There are 2 protein chains.
Amino acid sequence: MKRMTVQRQCILDELKKSRTHPTATELYECLRHTLPHISLGTVYRNLHRLAEKGLIRKLELGEGESRYDPDLREHYHVRCIRCGHIEDVVLENVLDVSTIRSQQGNFVIQGFHLEFIGYCSQCGQEIRGLNHEL
Amino acid sequence: MKRMTVQRQCILDELKKSRTHPTATELYECLRHTLPHISLGTVYRNLHRLAEKGLIRKLELGEGESRYDPDLREHYHVRCIRCGHIEDVVLENVLDVSTIRSQQGNFVIQGFHLEFIGYCSQCGQEIRGLNHEL
DNA sequence: ATTGTTGCAAAGGGTTTGCACGTAA
DNA sequence: TTACGTGCAAACCCTTTGCAACAAT
(Lines give C-alpha, C1' and ligand atoms only; values in the text may rest on other atoms or scores of the structure.)
Protein backbone atom coordinates (compact mmCIF):
# COMPACT_ATOMS: atom_id res chain seq x y z
CA MET A 1 0.00 0.00 0.00
CA LYS A 2 2.70 2.44 -0.91
CA ARG A 3 0.95 3.97 -3.89
CA MET A 4 -2.58 5.04 -4.52
CA THR A 5 -3.27 3.83 -8.03
CA VAL A 6 -6.36 4.51 -10.06
CA GLN A 7 -7.40 0.89 -9.64
CA ARG A 8 -6.99 0.91 -5.88
CA GLN A 9 -8.94 4.13 -5.52
CA CYS A 10 -11.76 2.86 -7.73
CA ILE A 11 -12.03 -0.40 -5.82
CA LEU A 12 -12.26 1.43 -2.52
CA ASP A 13 -14.77 3.96 -3.90
CA GLU A 14 -16.94 1.29 -5.42
CA LEU A 15 -16.98 -0.70 -2.21
CA LYS A 16 -17.86 2.37 -0.15
CA LYS A 17 -20.69 3.15 -2.53
CA SER A 18 -22.13 -0.34 -2.26
CA ARG A 19 -24.69 -1.50 0.28
CA THR A 20 -24.62 -5.19 -0.62
CA HIS A 21 -21.34 -6.47 0.84
CA PRO A 22 -20.17 -7.41 -2.64
CA THR A 23 -17.88 -10.28 -3.60
CA ALA A 24 -14.62 -9.75 -5.47
CA THR A 25 -16.28 -10.90 -8.70
CA GLU A 26 -19.22 -8.55 -8.25
CA LEU A 27 -16.85 -5.64 -7.72
CA TYR A 28 -14.83 -6.71 -10.74
CA GLU A 29 -17.88 -6.77 -13.03
CA CYS A 30 -18.94 -3.40 -11.76
CA LEU A 31 -15.49 -1.82 -12.09
CA ARG A 32 -15.13 -2.98 -15.67
CA HIS A 33 -17.57 -0.29 -16.71
CA THR A 34 -15.08 2.41 -15.79
CA LEU A 35 -11.86 0.40 -16.04
CA PRO A 36 -12.38 -2.05 -18.92
CA HIS A 37 -8.91 -3.59 -18.56
CA ILE A 38 -8.82 -4.14 -14.83
CA SER A 39 -8.09 -7.72 -13.86
CA LEU A 40 -9.73 -9.89 -11.26
CA GLY A 41 -6.28 -10.50 -9.79
CA THR A 42 -5.89 -6.80 -9.14
CA VAL A 43 -9.25 -6.69 -7.42
CA TYR A 44 -8.28 -9.57 -5.13
CA ARG A 45 -4.83 -8.11 -4.45
CA ASN A 46 -6.24 -4.76 -3.47
CA LEU A 47 -9.08 -6.11 -1.38
CA HIS A 48 -6.52 -8.18 0.47
CA ARG A 49 -4.29 -5.19 1.12
CA LEU A 50 -7.13 -2.91 2.10
CA ALA A 51 -8.38 -5.51 4.59
CA GLU A 52 -4.86 -5.97 5.89
CA LYS A 53 -4.58 -2.25 6.57
CA GLY A 54 -7.96 -2.26 8.28
CA LEU A 55 -9.60 0.03 5.72
CA ILE A 56 -12.25 -2.56 4.93
CA ARG A 57 -13.44 -5.85 6.43
CA LYS A 58 -13.29 -9.22 4.75
CA LEU A 59 -16.30 -11.38 5.60
CA GLU A 60 -15.58 -15.06 5.25
CA LEU A 61 -18.50 -16.77 6.82
CA GLY A 62 -20.16 -19.93 5.72
CA GLU A 63 -19.64 -21.25 2.25
CA GLY A 64 -19.06 -19.53 -1.05
CA GLU A 65 -17.15 -16.41 -2.00
CA SER A 66 -15.83 -13.99 0.56
CA ARG A 67 -17.59 -10.66 0.78
CA TYR A 68 -16.19 -7.26 1.61
CA ASP A 69 -17.61 -4.57 3.86
CA PRO A 70 -16.48 -0.92 4.01
CA ASP A 71 -18.34 -0.40 7.30
CA LEU A 72 -15.88 -0.74 10.15
CA ARG A 73 -18.35 -0.15 12.97
CA GLU A 74 -19.28 -3.07 15.22
CA HIS A 75 -22.08 -4.94 13.54
CA TYR A 76 -22.97 -8.41 12.36
CA HIS A 77 -24.64 -9.94 9.34
CA VAL A 78 -27.57 -12.13 8.57
CA ARG A 79 -27.29 -14.23 5.44
CA CYS A 80 -30.18 -15.70 3.50
CA ILE A 81 -29.82 -19.48 3.38
CA ARG A 82 -31.62 -19.54 0.06
CA CYS A 83 -30.23 -16.68 -2.08
CA GLY A 84 -27.18 -15.47 -0.17
CA HIS A 85 -28.47 -11.92 0.32
CA ILE A 86 -26.88 -10.18 3.29
CA GLU A 87 -28.21 -7.55 5.67
CA ASP A 88 -26.68 -5.82 8.67
CA VAL A 89 -27.56 -6.59 12.26
CA VAL A 90 -26.57 -4.07 14.90
CA LEU A 91 -25.95 -5.53 18.34
CA GLU A 92 -23.83 -4.32 21.22
CA ASN A 93 -22.14 -6.27 23.98
CA VAL A 94 -23.12 -9.57 22.48
CA LEU A 95 -20.58 -11.72 24.26
CA ASP A 96 -18.03 -11.05 26.93
CA VAL A 97 -15.07 -13.04 25.65
CA SER A 98 -13.14 -12.68 28.90
CA THR A 99 -15.59 -15.00 30.65
CA ILE A 100 -15.25 -17.78 28.12
CA ARG A 101 -12.94 -20.76 28.52
CA SER A 102 -12.12 -23.49 26.05
CA GLN A 103 -12.80 -27.05 27.16
CA GLN A 104 -9.21 -27.73 28.18
CA GLY A 105 -8.76 -24.13 29.26
CA ASN A 106 -5.63 -23.79 27.17
CA PHE A 107 -6.81 -21.24 24.68
CA VAL A 108 -6.37 -17.51 25.00
CA ILE A 109 -9.63 -16.43 23.41
CA GLN A 110 -9.32 -13.10 21.67
CA GLY A 111 -12.51 -12.66 19.72
CA PHE A 112 -15.24 -14.35 17.78
CA HIS A 113 -16.94 -14.55 14.44
CA LEU A 114 -20.71 -14.40 14.49
CA GLU A 115 -23.11 -14.67 11.60
CA PHE A 116 -26.87 -15.05 11.63
CA ILE A 117 -28.73 -17.11 9.11
CA GLY A 118 -32.33 -17.06 7.96
CA TYR A 119 -34.55 -16.15 5.05
CA CYS A 120 -34.72 -12.73 3.44
CA SER A 121 -38.19 -11.26 2.89
CA GLN A 122 -38.35 -12.33 -0.75
CA CYS A 123 -37.22 -15.91 -0.15
CA GLY A 124 -39.49 -16.13 2.89
CA GLN A 125 -42.46 -15.23 0.70
CA GLU A 126 -41.47 -17.60 -2.06
CA ILE A 127 -41.14 -20.47 0.39
CA ARG A 128 -44.59 -19.77 1.79
CA GLY A 129 -45.87 -19.79 -1.81
CA LEU A 130 -44.26 -23.14 -2.49
CA ASN A 131 -45.79 -24.60 0.65
CA HIS A 132 -49.27 -23.59 -0.48
CA GLU A 133 -48.76 -25.43 -3.74
CA LEU A 134 -48.08 -28.72 -1.95
CA MET B 1 -27.48 -43.39 2.68
CA LYS B 2 -29.27 -46.53 1.60
CA ARG B 3 -26.38 -48.89 2.16
CA MET B 4 -23.79 -49.23 4.87
CA THR B 5 -20.58 -49.88 3.00
CA VAL B 6 -17.23 -50.68 4.55
CA GLN B 7 -15.98 -47.24 3.51
CA ARG B 8 -18.90 -45.39 5.07
CA GLN B 9 -18.59 -47.31 8.33
CA CYS B 10 -14.85 -46.71 8.53
CA ILE B 11 -15.23 -42.99 7.88
CA LEU B 12 -17.83 -42.70 10.63
CA ASP B 13 -15.77 -44.81 13.03
CA GLU B 14 -12.60 -42.86 12.37
CA LEU B 15 -14.38 -39.56 12.89
CA LYS B 16 -15.96 -40.75 16.15
CA LYS B 17 -12.57 -41.89 17.38
CA SER B 18 -10.98 -38.52 16.63
CA ARG B 19 -10.80 -35.56 19.00
CA THR B 20 -9.33 -33.09 16.55
CA HIS B 21 -12.27 -32.14 14.28
CA PRO B 22 -10.37 -33.51 11.29
CA THR B 23 -10.56 -32.27 7.71
CA ALA B 24 -11.54 -34.54 4.83
CA THR B 25 -7.90 -34.87 3.79
CA GLU B 26 -6.79 -35.75 7.31
CA LEU B 27 -9.44 -38.47 7.49
CA TYR B 28 -8.42 -39.69 4.05
CA GLU B 29 -4.76 -40.03 5.01
CA CYS B 30 -5.73 -41.85 8.17
CA LEU B 31 -8.18 -44.21 6.47
CA ARG B 32 -5.63 -45.23 3.86
CA HIS B 33 -3.90 -47.32 6.49
CA THR B 34 -6.85 -49.68 6.66
CA LEU B 35 -8.37 -49.03 3.21
CA PRO B 36 -5.43 -48.38 0.87
CA HIS B 37 -7.66 -47.89 -2.19
CA ILE B 38 -10.21 -45.50 -0.72
CA SER B 39 -10.53 -42.29 -2.68
CA LEU B 40 -10.75 -38.73 -1.44
CA GLY B 41 -13.96 -38.37 -3.44
CA THR B 42 -15.55 -41.14 -1.40
CA VAL B 43 -14.52 -39.46 1.81
CA TYR B 44 -16.09 -36.18 0.70
CA ARG B 45 -19.23 -37.91 -0.57
CA ASN B 46 -19.76 -39.75 2.68
CA LEU B 47 -19.01 -36.82 4.93
CA HIS B 48 -21.55 -34.84 2.96
CA ARG B 49 -24.19 -37.53 3.33
CA LEU B 50 -23.50 -38.13 7.00
CA ALA B 51 -23.80 -34.39 7.66
CA GLU B 52 -27.00 -34.24 5.60
CA LYS B 53 -28.52 -36.99 7.73
CA GLY B 54 -27.43 -35.21 10.89
CA LEU B 55 -25.07 -37.96 12.02
CA ILE B 56 -22.13 -35.58 12.08
CA ARG B 57 -21.63 -31.82 11.85
CA LYS B 58 -19.75 -29.99 9.13
CA LEU B 59 -17.82 -27.01 10.46
CA GLU B 60 -17.17 -24.39 7.83
CA LEU B 61 -15.87 -21.44 9.71
CA GLY B 62 -13.22 -19.02 8.65
CA GLU B 63 -10.83 -19.89 5.90
CA GLY B 64 -9.34 -23.17 4.76
CA GLU B 65 -10.69 -26.69 4.68
CA SER B 66 -13.97 -27.66 6.29
CA ARG B 67 -13.73 -29.76 9.41
CA TYR B 68 -16.05 -32.46 10.68
CA ASP B 69 -17.33 -33.08 14.19
CA PRO B 70 -19.04 -36.26 15.43
CA ASP B 71 -20.26 -34.49 18.58
CA LEU B 72 -23.84 -33.37 18.03
CA ARG B 73 -24.33 -31.70 21.40
CA GLU B 74 -24.63 -27.92 21.53
CA HIS B 75 -21.14 -26.53 21.69
CA TYR B 76 -18.87 -24.09 19.90
CA HIS B 77 -15.26 -24.02 18.81
CA VAL B 78 -12.22 -21.87 19.31
CA ARG B 79 -9.70 -21.89 16.50
CA CYS B 80 -6.05 -20.96 16.82
CA ILE B 81 -5.30 -18.05 14.48
CA ARG B 82 -1.74 -19.28 14.13
CA CYS B 83 -1.86 -23.06 13.65
CA GLY B 84 -5.54 -23.84 13.06
CA HIS B 85 -5.86 -26.13 16.09
CA ILE B 86 -9.45 -26.40 17.34
CA GLU B 87 -10.87 -26.94 20.82
CA ASP B 88 -14.42 -27.17 22.10
CA VAL B 89 -16.18 -24.43 24.01
CA VAL B 90 -19.31 -25.35 25.93
CA LEU B 91 -21.81 -22.53 26.37
CA GLU B 92 -25.55 -22.55 26.91
CA ASN B 93 -28.16 -19.96 26.00
CA VAL B 94 -25.61 -17.80 24.21
CA LEU B 95 -28.02 -15.76 22.16
CA ASP B 96 -31.77 -15.51 21.96
CA VAL B 97 -32.34 -15.29 18.24
CA SER B 98 -36.00 -14.35 18.62
CA THR B 99 -35.02 -10.93 19.97
CA ILE B 100 -32.76 -10.09 17.05
CA ARG B 101 -33.82 -8.03 14.05
CA SER B 102 -31.94 -7.28 10.87
CA GLN B 103 -31.33 -3.65 9.98
CA GLN B 104 -34.28 -3.45 7.59
CA GLY B 105 -36.26 -5.89 9.71
CA ASN B 106 -36.99 -8.04 6.71
CA PHE B 107 -35.10 -11.13 7.67
CA VAL B 108 -36.57 -14.11 9.48
CA ILE B 109 -33.56 -15.05 11.56
CA GLN B 110 -33.40 -18.76 12.25
CA GLY B 111 -30.03 -19.36 13.79
CA PHE B 112 -26.41 -18.34 13.92
CA HIS B 113 -22.88 -19.52 13.40
CA LEU B 114 -20.42 -18.68 16.13
CA GLU B 115 -16.73 -19.38 16.31
CA PHE B 116 -14.14 -18.10 18.75
CA ILE B 117 -10.61 -17.28 17.75
CA GLY B 118 -7.43 -16.99 19.74
CA TYR B 119 -4.11 -18.67 20.37
CA CYS B 120 -3.70 -22.25 21.52
CA SER B 121 -1.37 -22.83 24.47
CA GLN B 122 1.57 -23.83 22.28
CA CYS B 123 1.27 -20.89 19.88
CA GLY B 124 0.67 -18.54 22.80
CA GLN B 125 3.98 -19.67 24.32
CA GLU B 126 5.83 -19.42 21.04
CA ILE B 127 4.59 -15.90 20.46
CA ARG B 128 5.71 -14.85 23.90
CA GLY B 129 9.11 -16.38 23.08
CA LEU B 130 9.34 -14.42 19.86
CA ASN B 131 8.48 -11.18 21.65
CA HIS B 132 11.35 -11.73 24.10
CA GLU B 133 13.75 -12.07 21.20
CA LEU B 134 12.83 -8.65 19.86
C1' DA C 1 -31.26 -58.34 -10.49
C1' DT C 2 -31.34 -53.88 -9.07
C1' DT C 3 -29.48 -49.67 -7.98
C1' DG C 4 -26.65 -47.28 -4.61
C1' DT C 5 -21.70 -46.72 -4.01
C1' DT C 6 -16.94 -46.86 -5.33
C1' DG C 7 -12.28 -45.43 -7.47
C1' DC C 8 -10.50 -42.73 -10.68
C1' DA C 9 -9.60 -38.72 -13.01
C1' DA C 10 -11.19 -34.67 -14.81
C1' DA C 11 -13.56 -30.46 -14.00
C1' DG C 12 -15.24 -26.90 -11.01
C1' DG C 13 -15.22 -22.57 -8.16
C1' DG C 14 -12.67 -19.27 -5.72
C1' DT C 15 -8.23 -17.33 -4.98
C1' DT C 16 -3.29 -16.62 -5.44
C1' DT C 17 0.95 -15.97 -7.96
C1' DG C 18 5.00 -15.44 -11.54
C1' DC C 19 6.20 -12.59 -14.95
C1' DA C 20 7.25 -8.71 -17.96
C1' DC C 21 5.44 -4.29 -18.55
C1' DG C 22 3.75 0.09 -16.85
C1' DT C 23 3.51 4.04 -13.70
C1' DA C 24 3.28 6.78 -9.17
C1' DA C 25 6.47 8.66 -6.30
C1' DT D 1 14.72 6.48 -11.63
C1' DT D 2 13.04 2.85 -9.07
C1' DA D 3 10.21 0.06 -6.59
C1' DC D 4 5.54 -0.95 -6.38
C1' DG D 5 1.42 -2.18 -8.87
C1' DT D 6 -0.74 -3.94 -13.03
C1' DG D 7 -2.80 -7.29 -16.62
C1' DC D 8 -2.55 -11.67 -18.02
C1' DA D 9 -2.54 -16.44 -17.62
C1' DA D 10 -1.26 -20.29 -15.29
C1' DA D 11 -1.26 -22.50 -10.96
C1' DC D 12 -3.30 -23.41 -6.60
C1' DC D 13 -6.37 -25.50 -3.11
C1' DC D 14 -10.48 -27.57 -1.81
C1' DT D 15 -14.42 -29.86 -3.42
C1' DT D 16 -17.65 -31.89 -6.67
C1' DT D 17 -18.87 -34.80 -10.52
C1' DG D 18 -19.20 -38.17 -14.71
C1' DC D 19 -18.44 -42.66 -15.59
C1' DA D 20 -17.78 -47.57 -15.78
C1' DA D 21 -17.09 -51.19 -12.53
C1' DC D 22 -18.50 -53.09 -8.19
C1' DA D 23 -21.23 -54.83 -4.36
C1' DA D 24 -25.16 -54.49 -0.69
C1' DT D 25 -29.71 -55.48 -0.60
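Note that this is a predicted model, so its numbers are computed, not measured. Below, read A as the first sequence line, B as the second, and so on, with proteins coming before strands; counting in each chain starts at 1.
- Comparing C:dC8, D:dG7, D:dG5 by their nearest atom to the side chain of B:Ser39 picks out C:dC8.
- Within the 4.0 angstrom heavy-atom criterion, base atoms lie near A:Arg45.
- Nucleic acid contact class of B:Thr23 (heavy atoms, under 4.0 Å, all strands): none.
- Place B:Val6 and B:Gly41 on DNA chain C by their nearest nucleotides, and B:Val6 ends up nearer the 5' end.
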Check against salt bridge (charged side-chain N to carboxylate O under 4.0 Å, His left out), A:Arg32 and A:Glu29: CA-CA 5 Å; A:Arg32 294 218 292 169; A:Glu29 288 303 336; 3.6 Å; yes

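- A:Tyr76 and A:Phe112 have parallel rings, their planes meeting at less than 30° on a 0 to 90° scale where 60° marks the start of perpendicular.
- Regarding contacts with the backbone of D:dT15, a side-chain N or O of B:Tyr44 is found under 4.0 angstrom from either OP1 or OP2.
- In this structure, B:Leu59 places its CG atom 16 Å from P of D:dC14, rounding to the nearest Å.
- Taking 4.0 angstrom as the limit, A:Arg8 places a side-chain polar atom (N or O) nearer than this to OP1 or OP2 of D:dG5.
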Residues A:Arg82, A:Glu126; criterion side chain to side chain contact (heavy atoms under 4.5 Å, CB included); working and verdict: CA-CA 10 Å; A:Arg82 195 153 169 271; A:Glu126 287 177 22; 3.0 Å; yes

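- A:Asp71 and A:His21 share no donor-acceptor pair across their side chains, judged by distance under 3.5 Å alone.
- When distances are taken from the side chain of A:His37 to each of C:dG14, D:dC8, D:dT15, the shortest belongs to D:dC8.
- Within 4.0 Å of A:Ile38, counting heavy atoms only, lie sugar-phosphate atoms of the nucleic acid but no base atom.
- For A:Gln7 and D:dG7, the shortest distance from a side-chain N or O to OP1 or OP2 is below 4.0 Å.
- The distance from atom CD of A:Glu65 to atom P of D:dC14 is 18 Å, rounded to the nearest whole Å.
- Look at A:Ser66 and you'll find a side-chain N or O under 4.0 angstrom from OP1 or OP2 of C:dT15.
- Annotation: of the two residues near DNA chain D, B:Arg67 and A:Ile11, the 5′-most nearest-nucleotide partner is A:Ile11.
- When heavy atoms are screened at a 4.0 angstrom cut-off, A:Thr25 is found touching no nucleic acid atom at all.
- Here the C1' atom of nucleotide D:dT6 and the NE2 atom of A:His48 are 17 Å apart, to the nearest Å.
- Under the side chain to side chain contact (heavy atoms under 4.5 Å, CB included) test applied with B:Phe107, the options A:Cys123, A:Ser121, A:Cys120 reduce to a single match, A:Cys120.
- For D:dG5, the OP1/OP2 oxygens have no side-chain nitrogen or oxygen of A:Thr5 closer than 4.0 Å.
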